[in-house]
Amino acid sequence: MPAGLVTAWLLASALLSEPPPQCPGPGRMEERAARLQAQMRRLERELEEAAMASGKDQQQEEEEEERGDWRRWSALPLAGLLLLLLVLWACPRAVRLAGGVGSVPQAPPAPLPDPQALACFYERSVRLPADEVSRTRELVEGFADDLLEAVRSVCDRELDMELEESIGVGSLYENWRLDRPLACDLLVPFSPPEPYRFQADLLPPASYRPECPAYGTVRVLVPGPDACLCGDTQQAREMLCLVHGHQGLVCCPDLLWAPTAPFLSWSSVMRWFQAALTKAWARISHKYDFELCFQDLECPGSLRIRFRSSKAVLFHLCPVVQFDGSDMYLIPGQGLPRSEWDTGRGLPGPDQDTAWTLSSAVYEKRFLAWAAKRLPSGPCHLACLQVAAFLHQKQCQLSGPSGLCQYHLKTALLHLLARLPPEAWHRSCLRARLHDLLAFLQRALQAGRLDHFILGSRPALPELGVPACLHSAQPPNLLAGLAAHSQLLGRALHTLAEMRRNAAALVREYGPHEPQVP
């Protein structure tokens, strides 16, 4: 025991052993002084003995240290091995999610706002007025019909594509649009000039990247079940084959598919479409009291209407090819610019110029309309999607991109609509369904898999007319791109957890404010 500690212990014991002082007399004072002197002498002797004992202990400790040095150095490899095993055990579980399996331990989710505050927040800050949405759709549809008719009038019937009637899809037509200015998405099916026709074929999944739901090609064919007209030697002398030019015949350079025959290049279609829209607007611009301009040069069909009052309306015209006579369409790689569409938009495929992305937007709109008829009056399914998209948008503005998009949220909602009973979507269940939507998306991220809703076998779906080759196919994984990178998947999970934690604060900030009492 160190000398200082011994001294403190002896002094404390001497002081504590003394009885409490009283008013002493002269004789007792002398006795007490003698007793204290005797105790001081005893303490000095004990201190000397303690100092001698501590010197011996210190010498023994030095000898033990010399003997223990070799033991410590010999134990270093074992300690290093144990430390390495400890680090590997404590490594984040997200590393194991790189293959799309496993789970990340999550803290208990923060509670969502109460139903009344959530409903008031939705009415004040999220829901768009129905009359404004209806007026915007009528304006865009009427103008788009006039513009497409002008395109037909400026096109060459023997060389250019033939445009059909436009089809409205997307959030504005599914009634869950969030942002202003409002934007309409219109698919414009087109076909080749006579006597040619299109044949859309799906590419095998192994030929393109996992981030893309599906790819297909558009092959240009001529009438005849067996062979092309160029097979007739007598007719071949009087005409040029515009499809099989690569086989030795001359191909007309004015046709869109000439450089990539017999396949159709979507970049050539987009360039032709932009030029045709420009000519059509020049022909009809005198009829309208607003400006029309291209808002995105990388997406030629993205147009902006600007009125004199500075109000703007956006709409997107996307030329598409019908797949197998169904409502499934092949869209160009840069045909639709926003995140509410398939996650594979614009990603390179086996041949980026001839690989078109498969879109099921029409079937998704049809399923939402079918589900709305089964749900109670004033259901909360669209409000649930809008609130989740709003919270995700605000959270991404705070913490940066998450890797998720509105199409992921919409797909999660479609899965829940097919699984839960209709009565679960009553307007009073908004908070519970929002919790289910976020929990479903969290489980999908932890598993690294979110199946496409339309593509693949879905026993709970009604007869929507999906082609058999797509209805029975393996559903693509919309999270394959995130699951292949553990860092991106971890960021998405973190953003989702932060969105849940900040939901109450965002609802208070953007919801109705209570008047302050003076």
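The shown structure was predicted, so the numbers you read here are calculated from the model rather than taken from an experiment. Residue indices begin at 1 and follow the sequence shown.
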Note to self: Less than 3.5 Å apart, any donor N or O on the side chain of Q322 or D327 sitting next to an acceptor on the other?
What the structure shows: no
Check: Going by an N to O cut-off under 4.0 Å, is there a salt bridge joining E132 and R180?
Finding: yes
Margin query: Check whether R304 reaches the backbone of V313 with its side chain - one donor and one acceptor, N or O, closer than 3.5 Å.
Written below: no
Check: Closest heavy-atom contact between R427 and S377?
Finding: NH2-O, 3.5 Å
Checklist line | H408, H392, Q395, E498 screened by side chain to side chain donor-acceptor pair (under 3.5 Å) with S402, the one that passes | finding: H392
Note to self: Donor-acceptor pair, distance only, cut-off 3.5 Å: does the side chain of R124 make one with the backbone of Y510?
What the structure shows: yes
Notebook entry, point to check: Where do H316 and A183 come nearest, in terms of heavy atoms and distance?
Noted result: NE2-CB, 4.1 Å
Check: Does the pair E141/R137 count as a salt bridge with the N-to-O cut at 4.0 Å?
Finding: no
Item checked: Minimum heavy-atom distance between Q386 and L178, given as atom pair plus value -> O-CD2, 3.7 Å
Item checked: Heavy-atom closest pair, residues A444 and L479 -> O-CD1, 3.6 Å
Next item on the list: Taking the side chain as every heavy atom from C-beta outward, state whether P319 and M270 have any pair of such atoms under 4.5 Å apart.
Entry: yes
Next item on the list: Just say parallel, tilted or perpendicular for the rings of Y407 and H452, cut-offs at 30° and 60°.
Entry: tilted
Margin query: For a quick test of reading the model, state the closest non-hydrogen atom pair linking I167 to V362 and the distance between them.
Written below: CG2-CG2, 4.2 Å
Notebook entry, point to check: Is there a donor-acceptor pair closer than 3.5 Å between any side-chain N or O of D324 and the backbone N or O of S326?
Noted result: no
Checklist line | Short N-O contact, R135 and E138, less than 4.0 angstrom | finding: no
Next item on the list: Quick one: closest heavy-atom pair of V220 and Y196, and the distance?
Entry: CG1-CB, 4.1 Å
Check: Can a salt bridge be assigned to the pair R157 and E162 using a cut-off of 4.0 Å between side-chain N and carboxylate O?
Finding: no
Next item on the list: Dump the intermediate steps for side-chain contact (heavy atoms from CB on, under 4.5 Å) on L317 and L147, then the final yes or no.
Entry: CA-CA 10 Å; L317 295 175; L147 185 62; 4.1 Å; yes
Margin query: Would you call the rings of F190 and W272 parallel, tilted or perpendicular, taking 30° and 60° as the class edges?
Written below: tilted
